[in-house]
Every structure is written in structure tokens, then in C-alpha cells.
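Accompanying notes for the structure given below.
Each ligand, and each atom within it, is numbered from 1 in the order the structure gives. None of the values given here were measured: they were computed from a predicted structure. These values consider heavy atoms only, across backbone and side chains, with no hydrogens, waters or symmetry-generated copies.
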Amino acid sequence: MTTRISTAPHRAESEARPALGGRGLVKRYGSETALSGVDIDITPGEAVAIVGPSGSGKSTLLHVLAGILPADSGEVWLGGRRVDTLGESARSELRRSEFGFVFQSGMLVAELTAEENAALPSLLAGVDRARALGEARSRLSELGLGGKERNRPGELSGGQAQRVAIARALAHRPSVIFADEPTGALDTRTGRDTMGALLASAAECGSAVVVVTHDRELAAGLPRTVSLRDGRIESDTCQAASVPAAGGTAP
Ligand SMILES: Nc1ncnc2c1ncn2[C@@H]1O[C@H](COP(=O)(O)OP(=O)(O)OP(=O)(O)O)[C@@H](O)[C@H]1O
Ligand SMILES: [Mg+2]
């Protein structure tokens, strides 16, 4: 096995981030049309909420933009590069280097400590273990998890586990973080705190955030909301953001 050293974890803050764009995205599952012609542009560093009824295509859109699912037609662009036509290994490399993911239930590795989970993308990219763990610890501390570094996921609250997942998603300073109902398993207050932590950390890294949420109020706290219905964009609005501040108040 060859070990590739990625430079992504230490990307310069000033480096321009690529915009992400979807053009005419169509995705069908058999006779079911999940996306029927979606055009969307995510500018570098912006935070976008994706809302819509259950089954409207939110998760499908996220997965198509992230190169996890192939579209039936349409194009996905990252910067000046068309990425949906890349082969599986190039797409998986792109996911590792440019994208971060936070899902509804953190999906942490049960056997690893919080700091090991948070450092995982860097460790897999071949970053020196001491350095990767040191960076993970400082990210966890910024997220209010100082003192929990050696806890395993089973020894963390839901909100704390979700913050570890956020730290992990940010380990390699991705261009775009995709979050699918990241607060769905949390109570309202913990959910808002966690979303605040996600947005603040992403802003600090210069990462764009595309977050699916059922919580309309939470979506209203983000600068832009894209509303899907029946696989189409029903509305795309910008609003003054009032994201809850992420303090060191870990739940
Ligand atoms: N693997 C699949 N096989 C068949 N149909 C699917 C599959 N995944 C999604 N669908 C269908 O595609 C449509 C869009 O699904 P999607 O998961 O994108 O919705 P969603 O907006 O994320 O819903 P939710 O809010 O419930 O998570 C739905 O009608 C769903 O039943
Ligand atoms: Mg979904």
C-alpha cells in the first residue's frame, strides 16, 4: 500500500476556495424522480440551509453534489473543474480532500477516542500522528470539548458526539462541509448550540456549509435558505443571519 501525504490539512487560510455548482441535476430511483432539474451555486465560504418536506430530494441533492451518488443527467463543478465525470477513485479522493461530512448521528468509530475520531481524516491522509492528534485536540477544545479528548463515543452526550463529528469534518479544512440533519437527534437547545459550533468552526476554516435541516427556525439563522419541493428548487432566499453564538458551553 502506498501512503500518500496530503497537503490538504495544512492548506493556507488565504488560499482561494473553489465554488461548488450543480447544473440541471436529475436523479431517478426507478420510476421515482428524486431530483428533476436542480441548478445551484454555493459560493466559497457561504452557509446554506436546504429545507423541504420529507422526500423532496434534500439528501439526494447533497449526495449528488458530494459525488456520493451519480446523477442521471446534469453536471457538478468544483471551481473550474467538472467533477461528476471523474472515475470512482478520483471522486473518492476529492471527497477526502475537498469535502467534510456531518450526518444525523455522528457515525464515530466506537473503538476510537474523541481525539482519534477527530484526527481520523488527517491520520488516513498520512499526517504525522502526534501532529494530527494535537490539531484534533485544539479543534475539540475550540468546540468546548476540552477534557473529553480521551472519551470514547459511548462516553459522550449526543451533542458532544456531534461536536466530535464536526471536529472530524473540519480536520482537513475542506472547501465544503455537507451536513444532513446534523442536529436531528438532539434537543432544540443542544441542536442550536451544535449548529452554532458548526458554523463558527466552518467560518474559521473558510469552509462553505450546506446543511439539510427540518428546523425552519434554525434555517432562518443561516444567511441563505434553499427550499426544495418534489425534486425542484421552490425558493432560494437570502436573509440576515442570526446564528446562535457557539460558546464553550458543551452540553
Ligand atoms: N435508495 C433509494 N431508492 C429508491 N428511492 C429512493 C432512494 N433514496 C431516496 N429515494 C426516494 O427519492 C425521494 C427523495 O429522497 P430524499 O432522501 O432525497 O428525500 P429527503 O428530502 O432527504 O427526505 P427526508 O427529509 O425524509 O430525509 C423520495 O421519494 C425517496 O423515497
Ligand atoms: Mg434526507
Side-chain angles (χ1 to χ4, degrees), residues 20-42 46-78 83-84 86 88 91-92 94-95 99-108 158-159 161-163 165-166 168-169 174 176-188 190-192 194-195 197-199 202 207-239 243:
L20 176 69
R23 296 278 165 277
L25 297 173
V26 173
K27 178 69 187 175
R28 294 186 198 88
Y29 298 104
S31 60
E32 175 85 34
T33 302
L35 295 179
S36 50
V38 169
D39 293 298
I40 187 165
D41 282 302
I42 313 292
E46 86 167 329
V48 185
I50 311 278
V51 300
S54 181
S56 57
K58 305 180 298 295
S59 296
T60 303
L61 176 60
L62 228 60
H63 292 155
V64 166
L65 288 172
I68 294 169
L69 266 182
D72 293 311
S73 61
E75 302 174 356
V76 181
W77 290 78
L78 186 70
V83 293
D84 58 293
L86 297 172
E88 180 45 41
R91 267 191 296 130
S92 109
L94 190 79
R95 287 196 294 272
F99 300 148
F101 299 91
V102 185
F103 296 107
Q104 181 165 3
S105 57
M107 300 213 293
L108 302 173
Q162 217 40 347
R163 283 167 195 254
I166 291 168
R168 184 187 55 191
V176 185
I177 294 176
F178 295 99
D180 197 347
E181 295 281 357
T183 64
L186 306 175
D187 65 71
T188 306
T190 308
R192 303 252 158 101
T194 304
M195 182 63 85
L198 169 61
L199 296 174
S207 306
V209 183
V210 184
V211 57
V212 168
T213 180
H214 274 110
D215 184 338
R216 285 266 172 187
E217 231 178 279
L218 212 154
L222 271 70
R224 178 180 168 202
T225 300
V226 172
S227 182
L228 286 185
R229 183 173 293 275
D230 298 332
R232 291 180 196 282
I233 292 185
E234 184 181 49
S235 66
D236 186 344
T237 54
C238 293
Q239 61 262 336
V243 171

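At distances below 3.5 Å, not a single donor-acceptor pair connects side-chain atoms of R224 with backbone N or O atoms of D236. Put simply, the side chain of R229 never gets that close to the backbone of E234: no donor and acceptor are under 3.5 Å apart. In this structure a side-chain-to-backbone donor-acceptor pair under 3.5 Å is missing from E75 to D84. Side-chain N or O atoms of K58 include one that pairs as donor or acceptor with a backbone N or O of P53 at under 3.5 Å.
Contacts with ligand 1 closer than 4.0 Å are made by heavy atoms of both the backbone and the side chain of K58.
Looking only at atom types and distance, the side chain of T225 has a donor-acceptor partner in the side chain of Q239 under 3.5 Å away.
Atoms of ligand 1 lying under 4.0 Å from any heavy atom of S56, numbered from 1 in the order shown and given with element: 19 (O), 21 (O). Within ligand 1, the atoms closer than 4.0 Å to a non-hydrogen atom of A34 are 12 (O), 13 (C), 14 (C), numbered from 1 in the order shown. Near H214, the atoms of ligand 1 lying under 4.0 angstrom from a non-hydrogen atom of the residue are 25 (O).
Taking 4.0 Å as the cut-off, G57 counts as a neighbour of ligand 1 on heavy-atom distance. The closest approach between any non-hydrogen atom of P53 and ligand 1 is below 4.0 Å.
Of the polar atoms of S59, at least one N or O is found under 3.5 Å from an N or O of ligand 1, judged by distance alone.
Among protein heavy atoms, atom 29 (O) of ligand 1 sits closest to E32 OE2, 2.8 Å. In terms of protein heavy-atom proximity, atom 23 (O) of ligand 1 is closest to G55 N, 2.8 Å. Here the protein heavy atom with the shortest distance to atom 26 (O) of ligand 1 is S54 OG, 2.5 Å. At the top of the distance list for atom 15 (O) of ligand 1, counting protein heavy atoms only, stands T60 OG1, 3.8 Å. When only non-hydrogen protein atoms are considered, atom 9 (C) of ligand 1 lies nearest to Y29 CE1, 3.3 Å.
Under a cut-off of 6.0 angstrom, the local environment of CZ in R28 is sparse, with at most 12 non-hydrogen atoms contributed by other residues, nucleotides or ligands. More than 12 non-hydrogen atoms from other residues, nucleotides or ligands lie less than 6.0 angstrom from CG of D187.
For atom 31 (O) of ligand 1, no protein heavy-atom neighbour is present inside the 4.0 Å cut-off. Within the 4.0 Å cut-off (strictly below), a protein heavy atom is located near atom 4 (C) of ligand 1.
Note that CG of L198 and CD1 of I177 are 5.5 Å apart. Values are rounded to the nearest 0.5 Å. Once rounded to the nearest 0.5 Å, the distance linking CZ of F103 with CG of L62 reads 7.5 Å.
At a cut-off of 2.8 Å, S59 is counted among the residues with an N, O or S atom near the Mg ion (ligand 2).
The pair R192-E217 meets the salt-bridge criterion, with a side-chain N (NZ, NE, NH1 or NH2) lying under 4.0 Å from an Asp/Glu carboxylate O.
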